[in-house]
Each structure stands twice: as C-alpha cells, then as structure tokens.
Student: 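Provided herewith is a single structure, encoded as structure tokens, for subsequent inquiry.
Order of appearance sets the numbers: ligands from 1, and atoms from 1 within every ligand. What's counted below: heavy atoms across the whole structure, side chains too, no hydrogens, waters or symmetry copies.
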Amino acid sequence: MKILVIGSGGREHALVWKLAQSPHVTQMGCAPGNAGIARERVARNGRAVECINLGAEDLPGLLAFAQEKKIDFTVVGPDNPLALGIVDLFQQHGLKIWGVNRKAAQFESSKVFSQQFMAKYGIPTAAAGTFDEPAAAKKFAATLGGRCVVKADGLALGKGVLLCQSQREAETAVEEIMVGRAFGTAGARVVIQEFLEGTETSLHALCDGTTARLFPTSQDHKRALDGDRGLNTGGMGACSPTPFLTDLQLAGVARQILDPFLRGCAAEGIDFRGLLYPGIMLTRDGPKVLEFNARFGDPETQVYLTRLENDLVELLDASAGGTLARHELKWKPEASVCVVMASHGYPGRYAKGKIITGLDSASQLPGTKVFHAGTAWQEGRIVTQGGRVLGVTALGRDLRAAQAAAYAAVEAIHFEGAHFRRDIAAKAV
Ligand code: AMP
Ligand code: GLY
C-alpha cells in the first residue's frame, strides 16, 4: 500500500512512525512533513519516507498528488484540512482517506454546534449558553457570577478561550471576542460555560460511524511553565496512562459520553468516522466534557502510539470502512511519557534555525523515541523550525520510570534557548 500522511507536527511524526511499521505499507509520503519524518523508513522494505512540499491546507494540490501517485490511503493529522472538507473531496474522487468528513468536523470547528449537541443528547458538560449577541452573553455570564469561560465559536488556533473570574473580566472577554473580533470571524458567536474545577484529562476514541473504541487515559500539560503556570500552549507534554480514572470509571465515562454521542450522530445524520477526542474535567459531580476535538491530540498521539500494539493501518482502515467492531485495541502495559522541547519564547514569538545536537545519542537510549514537531534540514544539519520542536518520548515499566527515561533523553539534546517543563507526568506519578 502507498500511504500519504497530511501534516507536519509531532502528532504526524508519531503517525508516520507507527504506520511505517505495518507490513501492509510499501511506500509512504508526508505532506509537508519535517526533518524527523524524512528520516523514517518503511519497515517492510527500508524505503525512506518522502516529504512532499505541499501544505496541509492545499486541498487541490494534495488531491492532484494523491491521484497522480495513485495513493491507496491518505491519513489526515490536523483539524484544518478536515474542517475544509478534505475527506469529502477525496471521497468524491474515489480516493480512500482517513479522518472525519466536513459535517463531523463541526464538533471541533464549531463550539456552538458541540454545545447544542451535548445539551440535546444529554452528554455531561458544563452549564452553558450559546450567543450571537453581546448583551445576552454578558447577562448569562452574570448568572454565573462572572466565573465563566468565554469561547469563540470557530477555530482559533487553540486560542479563542478566555477564562474569567469576575463579571468585569467576562464582559471584557465578550467585548474582545464578539465586538473587537480578537479571533476574527470565529468570534461571531460564543459559548459561555460555567468555570469548572477539577483535573483535566484527555479521552480518545476511534470511531467508524457506529462503533467507538476507547483508548486508555492520558493527560496533556497545556500551560507553558511548571506547576501549570504561564500561557496556554498547544501542549508541553503528555503521559499515559493516568491514575485519575480507574478502568471501571473509564468504562462509565464511555457510557455517559460515547453512547449518547453515537446516538446523537445517528439521529443527526452525522457519519463520524475518525478520532473523537473529548477534553474532559473530572469534577466532584463527575466527568464533564469541556470540548470535542475530531482528530488525534498532540502530544497525546506520541504517548498513545508508543503504547499501541495493533497495526495502525488496519485500525484506521477499519475506522474508515465501518468494520471497527471486528478489532480490539491492544496496549502495552508500559507507561509512556512525552516531554516537549520548545523554542525560547514559545507560545509567543521565537527564533528559528537553531542547530539541534544530541538527537542520535538520545534516540539510542532504551525505550526512547524522539518525535520531531518543528524541525527542518538546513545545510546538512537539523535545525529548529517551529515553536514546539521535539516530543521526546519514552516507555517505562511505570510512569515514574517512563518519566525518568524521557528526561534522560531530554538532557542529551541541545539547542540554543531550548525550553521544556520539568514536571511532565508529575501529578500522575
Ligand atoms: P478548550 O479549547 O475548550 O478545551 O479550552 C481550552 C482550555 O481552557 C481547556 O484545556 C481548559 O484548561 C480550559 N477550560 C475550557 N473550558 C473550561 C471550563 N468550563 N472550566 C474551566 N476551564 C476550562
Ligand atoms: N493536546 C491538545 C490538542 O491536541 O489540541
């Protein structure tokens, strides 16, 4: 099989790495990929993975490439091409592709859509309202005493969420998003949720339209600095499993969230074939959904795929083809920890082009895999090219061992201004 992966981050490197191990794969490309992806090889024949100079949102370019190269199966990493309808486009042209279609992508591309869906189908979530008019939004915030979260409806690069502690902050947030359009047209409508307290955790479930297969627990670390301080980022590290939910509780969560989700999709005519990633808060009143994403998490993917035993080509093929009920997910008993090494200044402004050293010695440490996120080749060397640069990932017999192994590998890698959190997985340990 010839496989094309779309995207360029740490998630896509993990997808490429895992897919390339499948005996079904003979050739693999990634658009646009990164320096680490370009070093991967197809296990069956040793062929190098080819990075293709096409952006993840260049739908016509990607379609033409897949047709010309006779790609058998395309796997989509990021949310934007899904929201733009890449799956619908490829399918219209008779090409096999994995990811949610445009209608199903609304769970991520519209927070108003998700919130109304959750209310309609009884999925546990925060008390919330959806608004297209600032005065009504402010009035609702007042009913929560101003302790609320104001969310721009549309995709805003993970930034359109403002946490408020007072009515004054809530009114400023509504003004910024709805009137000042701080996140562009994404802010034409907002969701306002009550401010929930608890432990945040990520769920992932692979779906094929009728069946959902839940992954083990994982946790992202969204803030830039140790102790969950600093600005929100795309994610500074992850671990799996986490001790915050027992297997029994996880099964309960599946019933409370996944069952009504699938029932609602059937009722609304949404054919959800892809990855459902609910962000949830474990509150004193039970788990509540904060948001839905419709793709793999980054860096959750890095910890999940290092633990996954199954052939990922077979699983994604079953997800796209509606035959997931025939597959059980199998996970290594080991724990996995991923520490993100970022550029100095991230998530704000940062410099690029810093030379990275120690990648090979880090990769030789047992149980370690260094996934690249923002890297490029420059004059024969690997240099930094993005905010999140590397996802240094390690397996260990338990979380503590995995954490120690991941940090040992981090210590072996150097680039000017490298910034990483020192407390990834600390809460879970
Ligand atoms: P979202 O993109 O909706 O997941 O929001 C981004 C981040 O904001 C989440 O990861 C949470 O840390 C925080 N957040 C979102 N909604 C709430 C809420 N209702 N209560 C408390 N924190 C929230
Ligand atoms: N782990 C955060 C995200 O993928 O959105």
Side-chain angles (χ1 to χ4, degrees), residues 7 9-12 14-15 77-80 82-83 107-115 118 124-130 140-141 144-165 169-170 173 177 183 186 190-204 215 217-224 228-240 242 275-285 287-305 338 340 342 347 371 373 387-388 391 421 424 427:
R11 165 184 50 211
E12 286 75 21
L15 287 167
D79 50 2
N80 272 349
L82 296 169
F107 281 105
E108 177 154 8
S109 63
S110 170
K111 291 191 188 278
V112 168
F113 173 85
S114 273
Q115 199 67 44
M118 287 194 274
T125 178
T130 61
F140 180 74
L144 300 169
R147 276 183 50 79
C148 66
V149 182
V150 184
K151 304 185 176 190
D153 176 44
L155 291 177
L157 298 168
K159 289 187 181 143
V161 173
L162 301 178
L163 307 179
C164 308
Q165 296 291 351
E169 282 178 24
I177 294 179
F183 310 105
V190 295
V191 171
I192 299 187
Q193 291 180 337
E194 72 178 304
F195 196 110
L196 293 174
E197 308 277 357
T199 301
E200 218 179 318
T201 187
S202 303
L203 297 180
H204 275 49
F215 288 17
T217 49
S218 73
Q219 188 174 44
D220 185 9
H221 297 65
K222 288 220 167 108
R223 302 294 201 89
D228 293 329
R229 290 173 303 112
L231 295 173
N232 252 328
T233 69
M236 293 298 292
C239 61
S240 173
T242 71
L275 201 290
L276 180 70
Y277 157 17
I280 66 172
M281 190 74 90
L282 303 171
T283 73
R284 281 204 285 185
D285 306 326
K288 305 221 165 147
V289 177
L290 301 178
E291 62 157 353
F292 283 126
N293 302 294
R295 44 143 185 109
F296 275 103
D298 188 346
E300 288 91 333
T301 307
Q302 291 84 316
V303 291
Y304 278 135
L305 296 187
C338 170
V340 170
F371 293 113
R388 290 191 289 178
R421 278 180 60 162
I424 301 302
K427 270 195 219 144

Student: Distance from Leu155 atom CG to Leu82 atom CG, nearest 0.5 Å?
Tutor: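 So the CG of Leu155 and the CG of Leu82 are separated by 10.0 Å.
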
Student: Distance alone, cut at 3.5 Å: any donor-acceptor contact between the side chains of Ser218 and Tyr304?
Tutor: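 On atom types as modelled, these side chains qualify, holding a pair under 3.5 Å.
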
Student: Hey, does the Lys NZ or Arg CZ of Arg11 hover above the aromatic six-ring of Phe296, less than 6.0 Å from the centre and inside 45° of the axis?
Tutor: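 Verdict for Phe296: no cation-pi partner in Arg11.
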
Student: Judged by atom type as modelled, is there a donor-acceptor pair below 3.5 Å linking the side chain of Asp153 to the main-chain atoms of Lys111?
Tutor: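 Looks like yes, one N/O pair under 3.5 Å.
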
Student: Is a side-chain donor or acceptor of Arg223 paired with a backbone partner of Gly230 at a separation under 3.5 angstrom?
Tutor: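 At least one qualifying donor-acceptor pair exists.
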
Student: Considering the heavy atoms of Gly234, write down every atom of ligand 2 situated less than 4.0 Å from one of them.
Tutor: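 Heavy-atom distances to Gly234 below 4.0 Å select 1 (N), 2 (C).
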
Student: I'd like to check whether Val161 has a polar contact with ligand 1, where a contact means an N/O of the residue lying under 3.5 Å from an N/O of the ligand.
Tutor: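 Between Val161 and ligand 1, no N or O pair is found under 3.5 Å apart.
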
Student: Taking the minimum heavy-atom distance to atom 9 (C) of ligand 1, which of Glu200, Lys111, Gln193 ranks first?
Tutor: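 Residue with the shortest heavy-atom distance to the ligand atom: Glu200.
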
Student: Distance to 0.1 Å, residue and atom name: give those for the protein heavy atom nearest to atom 13 (C) of ligand 1.
Tutor: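 Checking every protein heavy atom, the shortest distance to atom 13 (C) of ligand 1 gives Leu163 CD2, 3.9 Å.
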
Student: Which atoms of ligand 1 sit under 4.0 Å from any heavy atom of Lys222?
Tutor: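 Per the distance check, 10 (O).
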
Student: Heavy atoms only, cut-off 4.0 Å: how does Val149 contact ligand 1, side chain, backbone, both, or neither?
Tutor: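 Within the 4.0 Å criterion, Val149 contacts ligand 1 through side-chain atoms alone.
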
Student: Could you find the nearest protein heavy atom to atom 20 (N) of ligand 1 and give me its residue, atom name and distance?
Tutor: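 For this ligand atom, the closest protein heavy atom is Leu196 N, 2.8 Å.
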
Student: Do Ser202 and Glu300 have side-chain atoms, one donor and one acceptor, less than 3.5 Å apart?
Tutor: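 Short answer, yes.
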
Student: Please determine if Asp220 has a nitrogen or oxygen closer than 3.5 Å to a nitrogen or oxygen of ligand 2.
Tutor: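 Right, the criterion is met.
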
Student: Pick from His221, Lys427, Lys222: which one makes a side-chain hydrogen bond (donor to acceptor under 3.5 Å, both in side chains) with Asp228?
Tutor: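 Considering His221, Lys427, Lys222, a side-chain hydrogen bond (donor to acceptor under 3.5 Å, both in side chains) with Asp228 is found only for Lys427.
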
Student: Going by the atom numbers of ligand 1, which of them fall below 4.0 Å from some non-hydrogen atom of Glu194?
Tutor: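 Near Glu194, the atoms of ligand 1 are 18 (C), 19 (N), 20 (N).
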
Student: Heavy atoms only, cut-off 4.0 Å: how does Glu300 contact ligand 2, side chain, backbone, both, or neither?
Tutor: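 It is the side chain that gets close, since no backbone atom is under 4.0 Å.
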
Student: What's the shortest distance from atom 7 (C) of ligand 1 to any protein heavy atom, and which residue and atom give it?
Tutor: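 Closest protein heavy atom to atom 7 (C) of ligand 1: Asn232 ND2, 4.3 Å.
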
Student: Can you find a side-chain donor-acceptor pair between Gln115 and Glu291 that sits under 3.5 Å?
Tutor: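 Side-chain D/A pair, Gln115 to Glu291: absent.
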
Student: Around Arg229, counting heavy atoms of other residues, nucleotides and ligands shown, do more than 12 lie under 6.0 Å from its CZ?
Tutor: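 Above 12, so yes.
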
Student: Please report whether ligand 2 has a polar contact with Asp298, defined as an N or O pair separated by less than 3.5 Å (distance criterion only).
Tutor: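 Yes, Asp298 has an N/O under 3.5 Å of an N/O on ligand 2.
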
Student: Starting from atom 5 (O) of ligand 2, find the nearest protein heavy-atom neighbour and note its residue, name and distance.
Tutor: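 Answer, as residue, atom name and distance: Arg295 NH2, 2.8 Å.
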
Student: Are Lys151 and Ile192 packed together at the side-chain level, in the sense that at least one heavy-atom pair is separated by less than 4.5 angstrom?
Tutor: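 Answer no - side chains too far apart.
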
Student: Which ligand 1 atoms does Phe195 reach within 4.0 Å, using its non-hydrogen atoms?
Tutor: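 This gives 20 (N) as the contact atoms.
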
Student: If we only consider heavy atoms of Gly297, is any one of them less than 4.0 Å away from an atom in ligand 2?
Tutor: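 Gly297: in contact with ligand 2 (<4.0 Å).
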
Student: So which of Glu197, Gln193, Glu200 actually passes side-chain contact (heavy atoms from CB on, under 4.5 Å) with Met281?
Tutor: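 Only match with Met281 under side-chain contact (heavy atoms from CB on, under 4.5 Å): Glu200.
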
Student: How does Met281 reach ligand 1, by side chain, by backbone, by both or by neither, if only non-hydrogen atoms under 4.0 Å count?
Tutor: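 The part of Met281 near ligand 1 is the side chain, not the backbone.
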
Student: Which one of Lys151, Glu291, Arg223 has a non-hydrogen atom at the shortest distance from atom 16 (N) of ligand 1?
Tutor: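 Answer by nearest heavy atom: Lys151.
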
Student: Using a strict cut-off of 4.0 Å, indicate which atoms of ligand 1 neighbour a heavy atom of Leu290.
Tutor: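 It comes down to these atoms of ligand 1: 11 (C), 16 (N), 17 (C), 18 (C), 19 (N).
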
